[in-house]
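Take a look at the structure below.
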Amino acid sequence: MIEFLAILLVSYVIHGLGMTIGYHRLLSHRSFTCPKPVEYFFVTLAYLGLQGSPMWWAAMHRAHHRFVDTELDPHSPKYGLFNASVGWLMKKKYPDHVIPSVQCKDMYNDPFYRFLDQNGNITAMNFLCLGICIAFRLVLWALFGWQVALANAIGSLAIFGVPLMLNVVCHIPRLGYKNFATEDDGVNVWWVGILALGEGWHNNHHAYPGAARNGMRLHEIDVSFMTIRILKAIGLIGWFNPGPKMKEKRPIRVASLAASSFAHRRHKVLRRRKLKALARSEA
């Protein structure tokens with residue numbers, strides 16, 4: 001039983017780091033540079049963790065940042081908890097304002113990512129991912145036994161649910177706190193920060209999306225950034241963006257941010273109109 005739980009935990013962490021380092025901080029935000037073999041290694045870990053097409057993942061996440069907490073945000077809980085958690089995964093095609101050849105120019109000509117994206121056919125890309133993930137567990141079963149395969153599968157399913165939970169929990173202001181007075185609803189939630197290997201410091205991330213570091217205060221543990229620093233020390237990563245140097249200070253009370261009241265809401269309405277116009281022009 002101890003061995004089973006150990007394999008489950010290791011699977012959770014390695015597939016989780018594939019998602020946080022490979023899909024998120026590297027592909028979606030290019031917060032560090034590395035050789036292609038290192039990139040493909042972390043991307044493959046995420047893919048085998050049921051994260052789907054890397055280009056789809058990056059395109060949707062970039063859209064989330066560009067249109068955050070507006071109607072064009074793929075998964076803002078302001079427009080329904082179901083859609084924010086799993087509903088957005090059920091779409092049969094890319095949203096009209098999310099165009100991989102536009103949002104992911106840095107990935108679009110890579111044959112590996114184009115193959116996994118199946119020419120934008122979401123049904124095909126998901127079946128491909130599911131088939132490869134099942135085949136991987138069958139290989140684990142053949143080589144190491146069904147216990148290893150099952151523990152790895154459970155760990156992968158657990159990490160699959162983490163970003164779905166994060167999309168909801170870390171965009172409900174009353175559940176967390178802010179270090180930075182951003183206009184969106186993203187907040188830092190400590191227990192999500194732990195479960196998501198550093199991704200739960202969401203206000204920090206929305207304030208500095210290009211930073212390789214999400215945890216910016218002493219207590220904000222960021223396992224993914226710790227891993228990036230280790231990879232940098234051993235020469236597997238080149239440049240990385242560490243984000244701002246932040247002195248310890250008391251977090252901003254979310255209630256006080258809402259006190260900007262009418263002016264803040266009006267600014268968001270005007271911003272939403274501009275984003276809709278921008279999306280129509282890009283489509």
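Throughout, residue positions are numbered sequentially from 1 according to the sequence presented.
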Without hydrogens or angle criteria, can the side chains of E220 and W201 be said to hold a donor-acceptor pair below 3.5 Å? no

Contacts satisfying side chain to side chain donor-acceptor pair (under 3.5 Å) that involve residues 157-168 (not counting sequence neighbours) are none

Can you name the side-chain contact (heavy atoms from CB on, under 4.5 Å) partners of L45, sequence neighbours left out? F41, F42

Do the side chain of D69 and the main chain of S76 share a donor and acceptor less than 3.5 angstrom apart? no

For F32, is the NZ or CZ atom of R25 found under 6.0 angstrom from the centre of its six-membered ring and inside 45 degrees of the ring axis? no

Looking at residues at least two apart in the chain, or sitting in another chain, which of them share a side-chain contact (heavy atoms from CB on, under 4.5 Å) with I7? S11, V148, A151

Taking only residues two or more places apart in sequence or in another chain, which ones pass side-chain contact (heavy atoms from CB on, under 4.5 Å) with L5? M1

Y113: ring pair (Phe, Tyr, Trp, His ring centres under 6.0 Å) partners, not counting sequence neighbours: Y40

Among all residues two or more places apart in sequence or in another chain, which pass the side-chain contact (heavy atoms from CB on, under 4.5 Å) test with L143? V139

Using modelled atom types only, decide if a donor and an acceptor are shared between the side chain of N241 and the backbone of G243 within a distance under 3.5 Å. yes

With heavy-atom distances below 4.5 Å as the criterion, would you say the side chains of M107 and L27 are in contact? yes

Please determine whether a side-chain nitrogen of the Lys or Arg among D110 and K36 lies less than 4.0 Å from a carboxylate oxygen of the Asp or Glu. yes

K232 side-chain N/O to F240 backbone N/O, donor-acceptor pair under 3.5 Å: no

Please say whether more than 12 non-hydrogen atoms of neighbouring residues, nucleotides or ligands are located less than 6.0 Å from CZ in F127. no

Measure from the side-chain N and O atoms of D117 to the backbone N and O of S53, and report whether any donor-acceptor pair falls under 3.5 Å. no

